[in-house]
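Report on the following structure.
Positions are given from 1, in the same order as the sequence printed here. Model, not experiment: these values are computed from the prediction.
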Amino acid sequence: QHNSGPSPLPAAQSLGQQQTPCFAVAYGSPVTAPDLILVRAEYPDMVFQKDNVRGSLLLRDSMPPGLPFTVRIISGNDVLWQETFQTGTGAERRVDFEFSVEEPANQLQQSLDGDATHHTLPLELQAEIVSVTGESVPENNTQPVRLAVVTQRHHLLILDGRSRWE
């Protein structure tokens, strides 16, 4: 295994072709470092302003069991969704979420030019794990959540070549 730089396989093959002995020396702990990782956020790309966003967060947990931690989605300083869990599953876990985007979309719309009418707004939120004591890499606890919020209803005109009773 290697975790830095280019793959060592081409160098090992070259040494093998030259009949040069190559000795691999492994170092480091065989035990995974205690860490909580927010691997991925899954959510729709587009949502209507009055709707709720539903999605899931994929977490990887290698912490000692029994420690409480909080997962949340924030907009600036406002918490849109949060839930508390316990560490120690030793595997990946999927956490479902649901929250309304109406308030953050209204705040974003008010901060933009008041004379302009926007059909969609780019809303950037943050999914995060609140760091737990003893975690080895707290930098992998956040993921951006980028949504397009549709603020106006769609209008549709259907033209047909013949009359219909429906």
Measure the [atom1]-[atom2] distance between [X] and [Y] for me, rounded to the nearest 0.5 Å.
| X | Y | atom1 | atom2 | answer |
| --- | --- | --- | --- | --- |
| N141 | I129 | CG | CD1 | 4.5 Å |
| R40 | L58 | CZ | CG | 5.0 Å |
| D96 | E83 | CG | CD | 9.0 Å |
| I37 | E139 | CD1 | CD | 11.5 Å |
| Q126 | R146 | CD | CZ | 8.5 Å |

Does [X] reach the side chain of [Y], with side-chain heavy atoms less than 4.5 Å apart?
| X | Y | result |
| --- | --- | --- |
| V53 | P44 | yes |
| V145 | E124 | no |
| P68 | Q86 | yes |
| D35 | N140 | yes |
| L59 | F69 | yes |
| P104 | L80 | yes |

**Q.** Residues D61 and R93 bridged, charged N to O under 4.0 Å
**A.** yes
Do you know which two heavy atoms are closest between [X] and [Y], and how far apart they sit?
| X | Y | value |
| --- | --- | --- |
| T87 | P64 | OG1-O, 2.5 Å |
| L36 | E135 | O-OE2, 2.7 Å |
| L57 | V71 | CD1-CG1, 3.4 Å |
| G134 | P34 | O-CG, 3.7 Å |
| S75 | L125 | CB-CD2, 3.4 Å |

Q.
E128 vs R72, test: side chain to side chain contact (heavy atoms under 4.5 Å, CB included). Steps then yes/no.
A. CA-CA 6 Å; E128 67 180 14; R72 63 186 181 184; 2.5 Å; yes
Same apolar cluster: [X] and [Y], side chain cutoff 4.5 Å:
| X | Y | value |
| --- | --- | --- |
| F48 | I73 | no |
| L108 | W81 | yes |
| I74 | F99 | no |

(Q) For the residue pair E42 / S56, report whether a side-chain donor-acceptor contact shorter than 3.5 Å exists. (A) yes
Q) Can a donor-acceptor pair be found between the side chains of Q49 and N106 at a distance below 3.5 Å? A) yes
**Q.** With sequence neighbours excluded, residues passing side chain to side chain donor-acceptor pair (under 3.5 Å) with E92
**A.**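 Side chain to side chain donor-acceptor pair (under 3.5 Å) list for E92, sorted by chain: R60.
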Q) Is there a side chain to side chain contact (heavy atoms under 4.5 Å, CB included) between V47 and V149 once you walk through the steps? A) CA-CA 5 Å; V47 65; V149 180; 4.3 Å; yes
(Q) Run the side chain to side chain contact (heavy atoms under 4.5 Å, CB included) test on M46 and L147 for me, step by step, so that the C-alpha distance in whole Å, both residues' side-chain angles and the decisive distance to 0.1 Å come before the verdict. (A) CA-CA 6 Å; M46 187 175 286; L147 302 167; over 6 Å; no
So, the side chain of [X] versus the backbone of [Y]: is there a donor-acceptor pair under 3.5 Å, distance only?
| X | Y | value |
| --- | --- | --- |
| Y43 | F97 | no |
| S62 | A33 | yes |
| S100 | N52 | no |

Q: Test side chain to side chain contact (heavy atoms under 4.5 Å, CB included) on Q107 and D78 and set out the steps.
A: CA-CA 11 Å; Q107 291 175 359; D78 298 331; 3.6 Å; yes
